[in-house]
Amino acid sequence: MVMQYLSTRGYQAASSFSDILLGGLAPDGGLYLPSHYPQVSSEELDQWRDLSYAGLASAILKKFATDIPPSDIDQLTARTYTAAVYCNARADEDTARITPLRSLETPGDLSLILQALSNGPTLAFKDMAMQLLGNLFEYTLAKQQAELNIFGATSGDTGSAAEYAMRGKRGIRVFMLSPHQKMSAFQCAQMFSLQDPNIFNIAVKGVFDDCQDMVKAVSNDLEFKARQKIGTVNSINWARVVAQVVYYFRGYLSATTNNEQCVSFTVPSGNFGNICAGHIARMMGLPISKLVVATNENDVLHEFFQTGVYRVRKSAETLHTSSPSMDISKASNFERFIHDLLEGDRDRVRALFMKVETQGGFDLSGKPGSDGDEFKRVAEFGFTSGKSVHADRLSTIRDVYSRHGLMIDTHTADGVKVAREHWEPGVPMIVLETALPAKFSETLREALGCDAERPAGFEHIESLPQRFDVMEADVAAIKTYIAAHTGL
Ligand SMILES: *Cc1c(COP(=O)(O)O)cnc(C)c1O
C-alpha cells in the first residue's frame, strides 16, 4: 500500500510522497498530511534502540515514503547522516551520534538534557532536514529527468541551510535573495563564500520584506514560474517535517533504557515546523509526555497554547529580537496541528484558515462567539508553552555558562528558560539545541563579555573570497537574471 497524502483543506487528489516532495502548498492552499500516521510498536522501538542515526532515519522514512524503493532510502540516508556532514560538534561530543545528548542538570528527580541539532554545515537545526532534502531532490529529479530552480528570500538561516544542502547537486540551481548589507558578517560569509556554480546569491538593495515581495511577485507569474521550473524549500515542505521526526525518536531512545519511560521535549519555536515533527512522533506512538512550545517576544503560539486564541500579527507588530529565527508573525506549519486537533474535519480547517486571512485569526476557546471549544483538548496532545524575552536569554546564557561551562545560543536559551518552567520529576526534559552560539556572537558578547567559540574551520570565514551579485529591488531585473542563468 502506497502512503497517500491529502491536503488539510480537503483537496482530494491522492498523492504519493514523491508527488509532493518538490512542491509546497496543496492546490487549495492547505498543507499535505499523510492519510494516517504509521504506528510504531514497542518491539520496533526496541529494535531501533541500537540503530545508527542513518539507520533510524531509514526506518522512519520507509513508513512515509512508501513509493521509494527501501534500498534507495538506505543509500540516501547513509549518504546524508554522516560524521563528516555533522562534523561541527563541540570538542567533547561524539560526532558519530549526529544529535548527541548532554545532561545539563539533575536536581532531585528532575533532569534537563540538551540535544545538539546544530552540528551540520550551517550550525543550525535546519541542516538536519535540509541535507536529506538535497539528496532526495537530486534523486527524484534524476528519476524524472527533470530540473528545478529554487528561488527564495532569506534573512539568514533558511537560505544558507538550503544552499549548503543543494550545492553541487545535479539538476538543481538555487537563486537566493538577501537584503544587501543587512545580514551579519558571519551570515554573509557563510552564504557568499560558496563558489559552487549552481548557487546564485543576490544581494538586494532593500530590506528583507523587499526580497520577499520579489519572490511573491515572481511566484504569481505562473507562466514564468512554469517555464523556469521554479520551486521553493520552505518549512511547510512535508519531507522536511518527516526528516525532523527522526531526531525525536533518537532523543527518546538515547535518554531512556526501556519503553515504559517517558520524556518531554522543549522546542524553540517559530513557524511550528520543528515541534510539528515532535507532534507527529508522539502520534506515531513515541512515549512523549509534554511538548513544550518556547517562543520569544513574538508569542503568537504561546498565546494560542494559553488561551485557544490564534491571532496572527501584522508586520509592524512583529519584533526584531535577539533570537531572530523565531521572529514570526504567523506559524506556517500550525495548520497541520489544527487539522489533528479538529480530528481531520477539513471543512472546518479550511474555514478557520480562511478566517485567518480575512480576519487575522480564530478562537477555539469555547467562549461565547468563539469558533469552537477544542482548546480544552490541547493537553491531550501533550502541548503546553512558555515565553522568553531578551533579558531571559541573557540571564540563561550566563547561568548555563557559569554552571556548566557551556555556551548556548539565543534560541536554545529561550528553550532552556521555558523548559525549567515545565519539567516534571522522573521525566527527562530534552531541550532541542537549534543553533550554535557562533551564529549569534553579538548577543553572546552582550551576555558573557566575550566572543562565542567557533567550531574548527570557521575561524576565518569572513576573509574567504565571496561570490554574489548586487541588484535593485526590481522584479523585471530578477526575472532577466534567472532566465539568463537557467537558459530556459
Ligand atoms: C528556524 C529556527 C527556529 C524555529 O524553528 P521552526 O521550525 O520555525 O519552529 C528556531 N531556532 C533556530 C536557530 C532556527 O533556525
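Residues Glu424 and Lys290 are in side-chain contact: their nearest non-hydrogen atoms beyond the backbone lie under 4.5 Å apart. The closest side-chain heavy-atom distance from Phe17 to Thr66 is not below 4.5 Å. Phe337 has its side chain out of reach of Ile275: every pair of non-hydrogen atoms, C-beta onward, lies at least 4.5 Å apart. Residues Asn274 and Tyr248 form a side-chain contact, since some pair of their non-hydrogen atoms from C-beta on lies under 4.5 Å apart. Looking only at side-chain heavy atoms (C-beta outward), Ile461 and Arg454 come within less than 4.5 Å of each other. With contacts defined as side-chain heavy-atom distances shorter than 4.5 Å, the pair Ser118/Asn88 does not qualify. Looking at Ile397 and Thr410, their side chains come closer than 4.5 Å, going by heavy atoms from C-beta outward. For the pair Pro38/Met284, a side-chain contact is recorded, criterion being any heavy-atom separation below 4.5 Å from C-beta on.
Considering only residues two or more places apart in sequence or on other chains, Glu446 meets the salt bridge (charged side-chain N to carboxylate O under 4.0 Å, His left out) condition with none of them. Qualifying side chain to side chain contact (heavy atoms under 4.5 Å, CB included) partners for Lys387, counting only residues two or more places apart in sequence or in other chains: Thr295, Asp299, His302, Val389. A search for side chain to side chain contact (heavy atoms under 4.5 Å, CB included) contacts involving Pro34 returns Met3, Tyr5, Tyr37, Phe64, Trp238, not counting sequence neighbours. Applying the side chain to side chain contact (heavy atoms under 4.5 Å, CB included) rule to Asp371 yields the partners Leu352, Lys355, Phe362, Asp363, Leu364; only residues at least two apart in sequence or on another chain are considered.
A salt bridge is absent between Lys169 and Asp196: the closest approach of a Lys/Arg side-chain nitrogen to an acidic carboxylate oxygen does not fall below 4.0 angstrom. Residues Glu357 and Lys330 are not paired through a salt bridge, judged by the lack of any N-O separation under 4.0 Å between the basic side chain and the carboxylate.
Although no hydrogens or angles enter the test, the distance criterion places a donor-acceptor pair under 3.5 Å between the side chain of Thr412 and the main chain of Thr434. Although no hydrogens or angles enter the test, the distance criterion places a donor-acceptor pair under 3.5 Å between the side chain of Asn271 and the main chain of Ser332. Formation of a donor-acceptor pair under 3.5 Å by the Asp94 side chain with backbone atoms of Pro100 is not found in this model. In terms of modelled atom types and a separation under 3.5 Å, the side chain of Arg167 and the main chain of Ala165 share no donor-acceptor contact. Checking side-chain atoms of His411 against main-chain N and O of Ser325 turns up a donor-acceptor pair under 3.5 Å. Formation of a donor-acceptor pair under 3.5 Å by the Ser365 side chain with backbone atoms of Val309 is not found in this model. Using a distance-only test at 3.5 Å, with no hydrogens or angles considered, a donor-acceptor pair links the side chain of Thr77 to the main chain of Asp74. Checking side-chain atoms of Gln261 against main-chain N and O of Asn258 turns up a donor-acceptor pair under 3.5 Å. A donor-acceptor contact shorter than 3.5 Å links the side chain of Ser395 to the backbone of Asp392. Proximity of a side-chain donor or acceptor of Gln190 to a complementary backbone N or O of Cys188 within less than 3.5 Å is not detected.
Phe334 and Tyr310 have tilted rings, their planes meeting at an angle from 30° to 60° on a 0 to 90° scale. Using bins of under 30°, 30° to 60° and over 60° for the plane-to-plane angle, the ring pair Tyr86/Tyr81 lands in the parallel bin.
Side-chain polar atoms of Ser402 and Arg398 form no donor-acceptor pair below 3.5 angstrom. Checking Asp327 against Thr321 by side-chain atom types alone, a donor-acceptor pair falls below 3.5 Å. For the residue pair Asn119 / Thr95, no side-chain donor-acceptor distance below 3.5 Å is found, with atom types taken as modelled.
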Subject >> Chi angles and distances behind the salt bridge (Lys or Arg N to Asp or Glu O under 4.0 Å) call for Arg420, Glu105 >> reply: CA-CA 10 Å; Arg420 285 174 175 158; Glu105 48 214 77; 3.1 Å; yes
**OP:** Please report the C-alpha distance between Ser329 and Glu317 in whole Å, then the side-chain angles of each, then the deciding distance to 0.1 Å, and finally whether the side-chain hydrogen bond (donor to acceptor under 3.5 Å, both in side chains) criterion is met.
**Re:** CA-CA 8 Å; Ser329 54; Glu317 281 179 287; over 6 Å; no
**OP:** Give the C-alpha distance, both sets of side-chain angles, the deciding distance and a yes or no for side-chain hydrogen bond (donor to acceptor under 3.5 Å, both in side chains) between Arg250 and Thr99.
**Re:** CA-CA 8 Å; Arg250 184 71 271 162; Thr99 64; 5.7 Å; no
Subject >> Glu421 vs Lys417, salt bridge (Lys or Arg N to Asp or Glu O under 4.0 Å): CA-CA, chis, key distance, verdict >> reply: CA-CA 7 Å; Glu421 298 165 352; Lys417 187 263 180 183; 2.7 Å; yes
**OP:** Please step through salt bridge (Lys or Arg N to Asp or Glu O under 4.0 Å) for the pair Glu374 and Arg377, ending with a clear verdict.
**Re:** CA-CA 5 Å; Glu374 281 79 5; Arg377 296 192 52 225; over 6 Å; no
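Closest non-hydrogen pair, Ala161 versus Met130, comes out as O-CG, 3.4 Å. Scanning all heavy atoms of the two residues, the minimum distance from Pro268 to Met326 falls at CB-SD, 3.7 Å. The two residues Ile328 and Gly270 make their nearest non-hydrogen contact at CD1-O, 3.1 Å. Nearest heavy-atom pair across Leu432 and Gln115 is CD2-OE1, 3.4 Å. Summarising the geometry of Leu136 relative to Ala239, their closest heavy-atom pair is CD1-CB, 4.2 Å, with the distance given to 0.1 Å.
For Phe383 and Phe272, the gap between ring centers is short of 6.0 Å.
Counting heavy atoms of neighbouring residues, nucleotides and ligands inside a 6.0 Å radius, atom CD of Glu260 does not exceed 12 of them. Residue Arg90 places its CZ atom among more than 12 non-hydrogen atoms of other residues, nucleotides or ligands, all under 6.0 Å distant.
Distance CG/Leu21 to CD1/Ile68: 7.0 Å, rounded to 0.5 Å. Annotation: the span from Ile236 atom CD1 to Tyr32 atom OH amounts to 9.5 Å, rounded to 0.5 Å. Going from atom CD of Gln244 over to atom SG of Cys276 covers 9.0 Å, rounded to the nearest 0.5 Å. Leu114 CG to Leu406 CG: the interatomic distance, rounded to the nearest 0.5 Å, is 6.5 Å. Going from atom CG of Leu177 over to atom OG1 of Thr154 covers 10.0 Å, rounded to the nearest 0.5 Å. One finds the OG atom of Ser155 at 8.0 Å from the CD atom of Gln212 (value rounded to the nearest 0.5 Å).
For residues 36-58, every residue pair satisfying the salt bridge (Lys or Arg N to Asp or Glu O under 4.0 Å) rule, not counting sequence neighbours, is listed here: Glu44-Lys63, Asp46-Arg49.
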List, one per line, each side-chain donor-acceptor pair under 3.5 Å for residues 436-443, sequence neighbours excluded.
from, atom 1, to, atom 2, distance (Å)
Lys439, NZ, Thr122, O, 2.9
Lys439, NZ, Asp157, OD1, 2.8

